[in-house]
Amino acid sequence: MTNQRSFKARVRTRMEKTGESYTTARRHLINRAAEPASTAASTPAPTEPNATAAAAQTERIAEDLIRARTGRGWDGWFALLDAASASEWTHTRIARHLVTEHEVPGWWAQTITVGYEQARGLRAPGQRRGGGFEASASRTVAAPAVRLFEAFADETARARWLPDVEVRVRTATAPRSFRADWAGGPTRIVVGIDAVGESKARVNVLHEKLTGAEQAAELKAYWRERLAALKVLLETNGDH
C-alpha cells in the first residue's frame, strides 16, 4: 500500500508539472520502465572501462552500487523476483513491476531486469530477450540536449565526430530521440537523449540487430570511443 501511495504521488507531481490528466501521467511513468535503457536513463549509468558486451550484468555493476541505488543487492532482487515467478514474465512486465511495486527508478529497473534474465538463462550477456544481439554505450556531456541531438541529426555536425559512416535516418524527434539504419543495414542505431539540467545531457546509443557476441563487443568499444570524441568536441566547442 505504501508503494502504491508513493507511486500515485509521483503521478500527481507529473500532472502538476505537465498539465496532463491522471491517466496520461500514470501511463508515461509506467512506460518509462518499458523503454530501452537508451531512452529511460535519468540516472548516469555506471561504467566499467574493461567491461565488454559479453560481460554479465552482475559482473559489470558491483553489488554495493546496485544496493546503494536500489536498496537491495543482486541476490535480494533475484530472490524477490523468483518469489513473484518473474521468470515467466516478459521483460516489460518485470521492469514495470520493479517501478510500480518497488519504486525502482526506470534505468535501474531495466538494469535489474536484464541481470535477472541473464541469471535465469532467459538471455545471454549482450543478447536481447528472445534472441539477437545488441551493443550499448552512454555518456554524460556538459552541453544542452539540443546540441547533442544536432550532433546526430545534422549531417555536417555528425561527420565531425562520426566520420566515414553512412547512416539513413528513420526518425528524429528533437531533442530526445534519433533512429537510423547503419551503413546501409541491416543493423541500426537507436539514440536517446535526456536533459540533466539546463547545460548538461546524457546520450545513450543502442546498436541493434547484430550478428553475435563478437560484433556486439566490437561495437560497444567503438561507441564508447566515438561518444568520448563527441564529448570532447561539444565541451570544447570544437576547438580540438
Side-chain angles (χ1 to χ4, degrees), residues 2-3 6-7 10 29 32-84 86-87 89 91-129 133-142 190-197 200-207 213 216-217 219-225 227-228 231:
T2 301
N3 287 339
S6 179
F7 181 68
R10 290 164 57 197
L29 287 176
R32 284 190 66 84
E35 294 175 353
S38 61
T39 60
S42 57
T43 302
T47 58
E48 296 289 343
N50 296 322
T52 70
Q57 195 84 314
T58 53
E59 297 173 0
R60 293 181 56 248
I61 301 174
E63 173 80 9
D64 57 350
L65 180 58
I66 198 81
R67 186 183 300 278
R69 294 292 186 268
T70 68
R72 285 183 175 87
W74 285 114
D75 288 344
W77 283 117
F78 292 172
L80 185 148
L81 290 171
D82 281 342
S87 61
W89 297 355
H91 177 94
T92 298
R93 183 178 176 186
I94 297 172
R96 284 180 175 172
H97 176 78
L98 291 170
V99 170
T100 59
E101 298 299 325
H102 301 286
E103 299 184 308
V104 180
W107 191 88
W108 288 101
Q110 289 288 333
T111 298
I112 294 167
T113 300
V114 171
Y116 178 74
E117 290 171 336
Q118 291 175 354
R120 296 299 176 260
L122 301 175
R123 68 157 89 189
Q127 186 178 34
R128 291 178 60 86
R129 179 84 175 261
F133 286 80
E134 60 189 20
S136 63
S138 59
R139 180 74 65 162
T140 299
V141 181
V190 180
V191 181
I193 299 168
D194 290 288
V196 185
K200 185 180 293 186
R202 184 167 187 81
V203 57
N204 302 272
V205 176
L206 182 68
H207 203 135
L219 282 169
K220 189 176 188 71
Y222 172 82
W223 280 112
R224 283 178 171 170
E225 177 191 10
L227 292 184
K231 177 181 175 72

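One finds the CG atom of D75 at 12.0 Å from the CD1 atom of I66 (value rounded to the nearest 0.5 Å). To the nearest 0.5 Å, the span separating NZ on K231 from OG1 on T140 amounts to 7.0 Å. Atoms CD and CZ, from E101 and R96 in turn, are 13.0 Å apart once rounded to the nearest 0.5 Å. To the nearest 0.5 Å, the span separating CG on N204 from CG on D194 amounts to 6.5 Å.
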Worked verdict on L65 versus W108 for side chain to side chain contact (heavy atoms under 4.5 Å, CB included): CA-CA 11 Å; L65 180 58; W108 288 101; 4.0 Å; yes
Side chain to side chain contact (heavy atoms under 4.5 Å, CB included) between T111 and R69, worked out: CA-CA 11 Å; T111 298; R69 294 292 186 268; over 6 Å; no
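Taking each heavy atom of V104 and V99 in turn, the nearest pair found is O-CG2, 3.4 Å. Minimum interatomic distance between L81 and H97 (heavy atoms only, all atoms of both residues): CD2-CD2, 4.2 Å. Minimum interatomic distance between L98 and A109 (heavy atoms only, all atoms of both residues): CD1-O, 3.6 Å. Shortest non-hydrogen contact noted between F78 and R120 is CB-NH2, 3.5 Å. When all heavy atoms of S136 and L206 are compared, the closest pair comes out as CB-CD1, 4.0 Å. A pairwise comparison of heavy atoms in E117 and I94 identifies OE2-CD1, 4.3 Å as the closest pair.
In this structure the side chain of H91 never reaches within 4.5 angstrom of the side chain of L122, judged on heavy atoms. Residues H102 and L80 are in side-chain contact: their nearest non-hydrogen atoms beyond the backbone lie under 4.5 Å apart.
Between the side chain of Q57 and the backbone N or O of Q118, no donor-acceptor pair lies under 3.5 Å. Formation of a donor-acceptor pair under 3.5 Å by the K220 side chain with backbone atoms of A137 is not found in this model.
Within 6.0 Å of NZ in K200 there are 12 or fewer heavy atoms belonging to other residues, nucleotides or ligands.
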